[in-house]
Enquirer: 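Mind having a look at this structure? Questions to follow.
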Amino acid sequence: MIKFERFTLDNGLRVILHFDPSTPLVAVNTLYDVGARDEDPDHTGFAHLFEHLMFEGSKHIPDYDHELQLAGGENNAFTNNDITNYYLTLPAQNLETALWLESDRMMELAFSEEKLHIQKNIVTEEFRQTFLDQPYGDVMALLRSLVYQVHPYKWSTIGKDIQHISRVTLPQVKDFFYRFYRPNNAIVSIAGNIDMETTRKLVEKWFADIEPGESIVRNLPPEPAQNAKRELTVEKDVPFDEVYLAFHTGTRLDRSFYITDLITDILAGGRSSRMMENLVRKKKIFSEANAFISGSIDTGFLVLTGKIHKGNDVQDALEMLWEEINDLSNHLIDPYELQKVINKTETSNVFSQTGVLPKAMNLAYYELLGDANLINSQDQTYFTISQDDVLQTCKEIFKPSRTNILKYLSNH
Amino acid sequence: MHFKDRAIAPDVTIADHVGFLTKPVKKLLYDKIPVYFLKGGDREIVKIEVVFPFGSYHQKKPLQAFTAANMLKNGTINKSSSQINKAWDFMGSSLQVDAQKDLISVGFFCLAKYLPEAIDLLTEILTEPSFPEEELELFLRNRQQKFLIDLEKVSYVARSQFAGLLYGYDHPYGTFLKSENFEMIHRDDILDYYNRFIQADRCMMFVAGNFPDNTEELLENKMKPFSLHTSASANGIDIPVIQPIHGKHSISKSNASQSSVRIGKIAINRTHPDFHKLSLTNTLLGGYFGSRLMQNIRQNKGFTYGIHSGLVTLIHSSYFFITSQIGKQVVDQAIPEIYEELKKLRTQPVSEGEILMLKNYLAGNFLRMFDGPFAQIQRWKEIIMFDQKPSYYTDFLKTLKNIKSDDFREIAEKHLHEEQMTELVVG
């Protein structure tokens, strides 16, 4: 059981505090409710570029990293389609330094043309390193463009075209900041060896005087239900063929999220999973197989994929994936098998409650979803999932008319 | 408390005590196997790891150690690979196998309630592996495919080839894999390695986490069959001398948009009196975000997404390296900057401000390195593996506290001279 306190400042900033005496450290996680889904279709990759700019100096502090390192701290950040998340750890007695740093860059950034220019170059190199020069590096981008026709999930966080990044201007950066990087659009969670009362006062001291922004009403076009199969075939400079099958799922807040999570574990979570046992070990069609959910807040998707051994046909591979899907959609799974994947989830939930950084990150994210206490209650939701839940959800999701097929072929 | 001036940083204190260092308790299992227990954490998670201080360094042919270690889980006399996999998964756990140059490790994390069953299964896997032919073939075929994909990455090629340049391609630290190696490993090779090295008299164990009080007893009761296994003679390994291939090298990969750059040299070992100082000099140069390489090549010039330097410490040797993936259009500008940073290190003093930042960052980082029982046991494992004194970490903190500007120059002159570097560019 993770105990925590939460409160909201007058400017709308949501704050969560968790005391953990087992460590000399404290973790501070600052989540901004803005991601790639909030970008203009002609300026994709913006939220992620902006994440980089958050480290390039704020009104009173020219070098964020310098000050944090002086306090013994270390930090990082990530952007995904839903959120932008900044996190750090430092010795607990230096907590105030972290609050000073985070509040100053929430208040006002020190925008400069030169820093924008350098960060555009760094992001371009990041794009090359993680996307262009990685074998299969563009798979997720291709899948998104297939699965989503309307919703902004159709582009990746890095952006659909690196040219979008090079076109970004300073006024656009400022506008983005004052729209999204306001206290009423953020959640700060602090976990570690802290005194709760002192910490609450410190948070008020540094964050209370930040002006709120206009409240943001997100009005994204919902992804319409798919009614016909979609297929995309690409040929690339990779050594082996891969095949992907993707299906729409519900949203993060639906109960079906947890069921689809278990379905991917039944399919590919662990060495005894169905795809590993049947397709990798017995039929030997794939060298590696996987199944996962996108885990996004709005309508998500579920993917089955495998790397095909040379000499096998991609069509056969697809049929074998469909055999697994049909089996799950037509037969109740064994109670033992269901218990197995629930046990796996139980272990990973316990792990996510270990260490101050994962705790701080999860508390902030769950609060964004509606309730930080999901960190404690999620386990129970998994325990209630029945064999029939799995069967019904499979029947709903896995429809041939709602299939997205990506054939990623080798040109070797 | 309510006074604030945003232009003034809050006070910072850096603790230099090491009171948080919990030492593991050592016990001997069956008067034979050293077991280190480190209790901590508030959740009921346990980690058990059996470590054999042998690895690819001790193999007769490529992939022998790696395959022997990984095949342990793929079948025992009484259980098929599928049955073993299912048993681990049901416990919400999995067997983790790591095979490196000097080390093979076999272990698991699990919830404490599954500990007795997990120990049983671990014992069976270590004691009665059957290495089925069909499983071996499947394993090698899948790994070969993974390897062929890795070969497409400039970073993988640079990393593996660079070790070859430093040690020579015939040295066990310098060999790199070829696709045909996956077709030349047979069951006899696996048995040979298992019999010689993966045996009770050659291992040590580490138990960490919030384990039940009867854990020692559990191990004592359950691991007996394993303890009876002893190793065959380990003679017959000829270790060739290090034959570095100095100079500047490049491998072209026309479809890459970036080049993977590696610059480095063989360095002193962890036991050398200069080692802590070298480690600090490395951090200053490229070991954290505030380092000189990161600031110059990434933050000021925008040539790369990241650049790092590091020390790889192996039992019989160590090496220093700088690594980065750099856009092809700027790589010719970036490389001279890297050498310039190395030269500056040995010719110019380090400012007090930079030393302070390094010290404070590392003092904080030290807390992160020891945060929680699993991080702590990892640190002690390193000490024990390298046969070093328990004072290793307190010595490090002393060195950190006392290091001066001249020390960096002296160390760089002795150990990191830019003219002694080997260079490899892939891309």
Side-chain angles (χ1 to χ4, degrees), chain A residues 22-25 59-60 65-67 69-74 89-91 93-94 96-97 100 104 117-119 121-122 124-126 128-129 132-135 201 205-206 237-240 270-273 276-277 280-281 284 287-288 307 309 336 339-340 343-344 346-347 350-351 353-355, chain B residues 1-2 4 6-7 9-10 12-15 20 40-45 81-82 85-86 88-94 110-111 138 141-142 145-146 148-149 152-154 255-258 288-290 298-305 325-327 356-357 360-361 363-365 367-368 371-372:
Chain A
S22 75
T23 171
L25 295 168
K59 185 167 185 199
H60 303 94
D65 288 290
H66 181 90
E67 299 296 341
Q69 285 159 176
L70 268 178
E74 188 162 70
T89 56
L90 80 173
Q93 73 272 14
N94 295 337
E96 189 165 4
T97 303
W100 169 63
D104 203 55
H117 176 71
I118 291 175
Q119 290 305 317
N121 286 344
I122 294 173
T124 305
E125 291 303 328
E126 182 180 359
R128 289 183 167 137
Q129 184 168 330
L132 284 186
D133 280 6
Q134 279 300 323
K201 283 185 185 148
K205 173 179 170 182
W206 290 103
D237 186 13
V238 290
F240 304 99
R271 293 189 189 108
S272 75
S273 62
M276 295 303 287
E277 182 65 19
V280 175
R281 288 173 43 75
K284 299 181 174 59
S287 64
E288 290 170 50
K307 277 197 173 64
H309 272 299
Y336 176 91
Q339 191 60 49
K340 186 183 75 176
N343 290 350
K344 182 182 146 70
E346 185 190 6
T347 307
V350 172
F351 268 100
Q353 297 175 2
T354 314
Chain B
M1 171 136 195
H2 282 282
K4 74 167 186 265
R6 286 190 178 273
V12 160
T13 53
I14 296 297
F20 56 89
D42 53 357
R43 301 305 307 242
E44 312 283 300
I45 315 172
S81 173
S82 299
N85 292 338
K86 208 182 253 185
W88 284 118
D89 284 346
F90 193 81
M91 293 186 281
S93 175
S94 67
C110 75
L111 299 184
L138 178 71
R141 190 161 165 253
N142 290 344
Q145 181 149 332
K146 200 168 155 43
L148 290 171
I149 293 165
E152 299 288 315
K153 301 173 190 165
V154 285
N255 58 356
S257 73
Q258 289 183 319
Y288 72 126
F289 195 83
R298 177 186 143 124
Q299 287 300 89
N300 297 339
K301 308 249 166 41
F303 288 157
T304 180
Y305 179 45
Q325 268 179 246
I326 300 173
L356 182 69
M357 183 166 82
N360 288 5
Y361 166 75
N365 198 49
L367 297 180
R368 281 184 285 274
D371 194 33

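No hydrogens, no waters, no symmetry mates; every other heavy atom, side chains included, goes into these values. Naming: A, B, ... by sequence-line order, numbering from 1 per chain.
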Enquirer: Chain A: which of B:M357, B:E152, B:R6 shares the most heavy-atom pairs with it under 4.5 Å?
Expert: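 Option with the greatest count: B:R6.
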Enquirer: Report which part of A:V280 has an atom under 4.5 Å of a heavy atom belonging to chain B: side chain, backbone, both, or neither.
Expert: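 Both backbone and side chain.
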Enquirer: Under the criterion side chain to side chain donor-acceptor pair (under 3.5 Å), I'd like the reasoning laid out for A:S22 against B:D42: C-alpha separation, chi angles, the key distance, then a yes or no.
Expert: CA-CA 8 Å; A:S22 75; B:D42 53 357; 5.4 Å; no
Enquirer: Counting only non-hydrogen atoms closer than 4.5 Å, does B:A363 touch chain A with its backbone (N, CA, C, O), its side chain (CB onward), both, or neither?
Expert: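 It is neither, since no heavy atom gets under 4.5 Å.
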Enquirer: Is there a side-chain contact between B:R298 and A:I118, using heavy atoms and a 4.5 Å cut-off?
Expert: no
Enquirer: For A:Q69 and B:Y361, test the side chains for any donor-to-acceptor distance below 3.5 angstrom and give the result as yes or no.
Expert: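 The answer is no; no qualifying pair exists.
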Enquirer: Just checking, is any N or O donor in the side chain of B:S81 or A:R281 under 3.5 Å from an acceptor N or O on the other one?
Expert: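 Per modelled atom types, B:S81 and A:R281 side chains form a pair under 3.5 Å.
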Enquirer: Out of curiosity, B:D89 CG to A:K340 NZ, how far, rounded to the nearest 0.5 Å?
Expert: 5.0 Å
Enquirer: Using non-hydrogen atoms only, which part of B:L138 is less than 4.5 Å away from chain A: side chain, backbone, both, or neither?
Expert: side chain
Enquirer: Among side-chain atoms of B:Q325 and A:E125, is any donor-acceptor pair under 3.5 angstrom?
Expert: no
Enquirer: Measuring heavy-atom distances to chain A, does B:N365 have an atom under 4.5 Å in its side chain, in its backbone, in both, or in neither?
Expert: both
Enquirer: Report yes if the side chains of A:Y336 and B:K86 come closer than 4.5 Å at any heavy-atom pair, otherwise no.
Expert: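 Touching, per the 4.5 Å side-chain cut-off.
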Enquirer: Please tell me whether B:R141 and A:S287 have a donor and an acceptor in their side chains that are separated by less than 3.5 angstrom.
Expert: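 Their side chains do not contain a donor-acceptor pair, so the 3.5 Å distance test is not met.
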Enquirer: Would you say A:S272 and B:N85 are linked by a side-chain donor-acceptor pair, where the criterion is simply a distance under 3.5 Å?
Expert: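 Result is no, nothing qualifies.
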Enquirer: What are the two closest heavy atoms between A:P24 and B:L367, and how far apart are they?
Expert: CG-CD2, 3.9 Å
Enquirer: Please enumerate all residues that pass salt bridge (charged side-chain N to carboxylate O under 4.0 Å, His left out) together with A:E74, with sequence neighbours excluded.
Expert: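 Listed in chain order: B:R368.
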Enquirer: Check whether any side-chain heavy atom of B:I149 lies under 4.5 Å from a side-chain heavy atom of A:V238, and answer yes or no.
Expert: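 The answer is no, as the side chains (C-beta and beyond) never meet within the 4.5 Å cut-off.
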